[in-house]
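We count ligands from 1, going down the list as the structure has it; atoms in each ligand are counted the same way. Scope of the values below: all heavy atoms of this structure, side chains included, with no hydrogens, waters or symmetry mates. Position 1 is the first residue of the sequence; numbering continues from there.
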Amino acid sequence: MPWTRRLFLRRSLAGGAALLVACGEGAEDATDGGLSLLDGGLPDAADGDGPTFDAGVVEDGGALGDGALDAAPDMMVVDCADPFEGGELLEILDFASGDQPTFHRSLGQGWDGRLYFDLRQVDEDALLTPTEQFFVRTFYPDPLDPDRAGEWTIEIEGLVDAPVSLNVADLEPRDMGAFVLECSGNGDFSQFGLLSAATWQGVPLSEVLADVGVLPDAVAVKISGFDEHDVPSRNGHSTPGAAWVIPLDQVEATGAFLATGMNGEALPPDHGLPVRLYVPNWYGCACIKWVDTITLVGADEPATGQMIEFATRTHQPRPAPALARDFLPPSMDQAAMPVRVERWQVDGETLFRVVGIAWGGYAVTDALEIRFNPDEAWQPVDVCPPMRSNQPWTVWEHVWQPAGPGLYQVRCRVADDAVPTQRLDVGFYDRVVRVGG
Ligand SMILES: Nc1nc2c(c(=O)[nH]1)N[C@H]1C(S)=C(S)[C@@H](COP(=O)(O)O)O[C@H]1N2
Ligand SMILES: [Mo]
């Protein structure tokens, strides 16, 4: 699945800020190539002798001047108003809802091991999560030895001509694109810190299966991962056995892949060294780490313990279906929420800047709206530059002038019935902010 690369350079201009958008396909060099292009290839408008921009969108090949387009034929300029230009950032508000967790530090053990990502850091020019801050759910199993990751094999068995032992070291990983990963159990308790974005390197699962003699009765593939830890999960929070069954047509449709790298480096132990499953736009519980077995299964394959454990969180019918084939794809609907609320002083006036993200879903939408309390009207969010892709996520901002001090319950919606938003519909991503008096 191609990722539309969006790299930004905010430029001070009379009456607005222009954003440079690199919209090339393919993410070969998404983490650095494009940025170095911006660093080296473009003069800075703020220093007075940079290029001048017309208002509106300059299409590819439009007049950018100074040869910048020669260096970047796939660039265009989107002119986005910047109401905060010349202002002063006074404060980043805390969200009053949920807990105030410790971010970017390993907490707990084994299955209960967590690392929460601080979503306040997401910005137009910081779309990807640094690997060491990428959220973790379940730490590297203690019985495994990272020094022996090079010997790792995946057993491919079940409804196949002959079982295959696949050497992970023999895979030829390529850039698969930039995608978000979200734990289906994400929530306010972690300030929604079980959500992150990275580029992923790996090999399509369909390609791996193409090299195996899959028997005609096989309709799905069960992906299992190593899942033993010395320390049991507290309160039986997590049950042992990490496996998810994916119908073969979904393997194709989703572009599921075996990932061996993220953000251009080998997977760190906690993220699945040496190999994990990643299914674009499916919740993290399906993205099995430390994959050790791939089983081709038939139509009557029972749901795995992991699928049942996560049935509610992945919005399955109730009670959880007994058979894997009756599970819905554990996909993420379109979602959106504020990640940072800033208080600014602009021209003697107090203005609030709400920065948010939109992620998940399979359709690009321009109908994002925000509401600052249940009794207030919905306001359209002018997402600029507009959403171009569902992955990894779109950063938006919204100018807010609260009616007065107090608590505000902020919710987003998509004003388009054709876009499913089941979590937004029930207020799952509501955030509460306190505006001081
Ligand atoms: N083997 C194994 N794989 C696993 C899990 C696990 O406990 N064991 N947890 C799953 C869940 S619930 C999530 S949200 C993701 C988290 O991936 P991350 O820790 O790399 O962010 O891993 C998934 N893969
Ligand atoms: Mo999860």
Side-chain angles (χ1 to χ4, degrees), residues 103-119 128-144 149 152 154 179-187 189-190 192-202 222-234 236-246 256-263 265-294 304-316 330-332 360 392 423:
F103 294 111
H104 308 162
R105 192 166 328 141
S106 297
L107 311 165
Q109 284 182 290
W111 283 290
D112 301 333
R114 300 287 186 273
L115 183 145
Y116 302 125
F117 173 53
D118 186 352
L119 283 166
L128 300 179
T129 309
T131 303
E132 63 281 4
Q133 297 176 357
F134 196 103
F135 89 85
V136 179
R137 193 279 187 197
T138 306
F139 291 148
Y140 190 63
D142 359 52
L144 297 182
W152 192 272
I154 300 177
F179 298 101
V180 297
L181 185 69
E182 183 180 17
C183 177
S184 58
N186 197 14
F189 62 89
S190 64
F192 297 98
L194 295 174
L195 169 61
S196 299
T199 67
W200 299 91
Q201 293 75 45
K222 181 168 87 172
I223 310 289
S224 312
F226 190 90
D227 209 40
E228 292 163 33
H229 298 263
D230 290 349
V231 185
S233 175
R234 283 195 196 202
H237 223 70
S238 258
T239 48
W244 207 277
V245 178
I246 309 175
F257 55 89
L258 291 177
T260 56
M262 63 193 288
N263 288 335
E265 311 266 358
L267 290 178
D270 288 337
H271 293 294
L273 177 77
V275 64
R276 78 174 306 160
L277 181 70
Y278 182 84
V279 190
N281 210 43
W282 282 20
Y283 283 112
C285 44
C287 300
I288 302 301
K289 301 193 275 192
W290 313 294
V291 171
D292 57 9
T293 314
I294 296 178
T304 65
Q306 171 103 343
M307 294 167 79
I308 291 171
E309 180 183 347
F310 286 94
T312 307
R313 285 169 268 183
T314 58
H315 313 289
Q316 302 300 329
S331 58
M332 299 184 282
R423 286 197 168 187

In this structure, are over 12 heavy atoms from other groups packed under 6.0 Å from Gln316 atom CD? yes

Between Phe134 and Trp200, does the ring centre distance come in under 6.0 Å? yes

Return the orientation label for the His104 and Phe117 ring planes: parallel under 30°, perpendicular over 60°, tilted otherwise. parallel

Of the backbone atoms (N, CA, C, O) and the side-chain heavy atoms from C-beta on, which set of Leu181 has a member under 4.0 Å from an atom of ligand 1: side chain, backbone, both, or neither? side chain

Could you identify the single nearest non-hydrogen protein atom to [atom] and state the distance to 0.1 Å?
atom                    : answer
atom 24 (N) of ligand 1 : Cys287 O, 3.1 Å
atom 7 (O) of ligand 1  : Thr138 OG1, 2.8 Å
atom 21 (O) of ligand 1 : Phe135 O, 2.7 Å

Counting only heavy atoms, tell me which of Ala242, Pro141, Gly110, Cys183 gets closest to atom 14 (S) of ligand 1. Cys183

For atom 3 (N) of ligand 1, which of Arg137, His229, Lys289, Arg114 has the closest heavy atom? Lys289

Which atom pair, heavy atoms only, marks the closest approach of Leu181 to Tyr278? CD1-CE1, 3.7 Å

Among all residues two or more places apart in sequence or in another chain, which pass the side chain to side chain contact (heavy atoms under 4.5 Å, CB included) test with His315? Tyr283, Gln422, Arg423

Which of the atoms of ligand 1 are close to [X], meaning less than 4.0 Å from one of its heavy atoms?
X      : result
Phe226 : 1 (N)
Trp290 : 1 (N), 2 (C), 8 (N)
Gly284 : 10 (C), 11 (C), 13 (C), 14 (S), 15 (C), 22 (O), 23 (C)
Asp227 : 1 (N), 2 (C), 6 (C), 7 (O), 8 (N)
Phe310 : 12 (S)

Does at least one non-hydrogen atom of Arg276 fall below 4.0 angstrom from an atom of ligand 1? yes

For ligand 1, is there an atom lying under 4.0 Å from some heavy atom of Tyr283? no

Is there a polar contact between ligand 1 and His271, counting only N or O atoms under 3.5 Å apart? yes

Does a donor on one side chain and an acceptor on the other come within less than 3.5 Å for Trp111 and Asp227? yes

Enumerate the residue pairs fulfilling salt bridge (charged side-chain N to carboxylate O under 4.0 Å, His left out) with a member in residues 265-285, sequence neighbours excluded, ordered by first and then second residue. none

When you measure from the side chain of Asp118 to the backbone of Phe103, do you find a donor-acceptor pair of N or O atoms at a distance under 3.5 Å? no

Any donor-acceptor N/O pair, Ser184 side chain to Thr314 backbone, under 3.5 Å: no

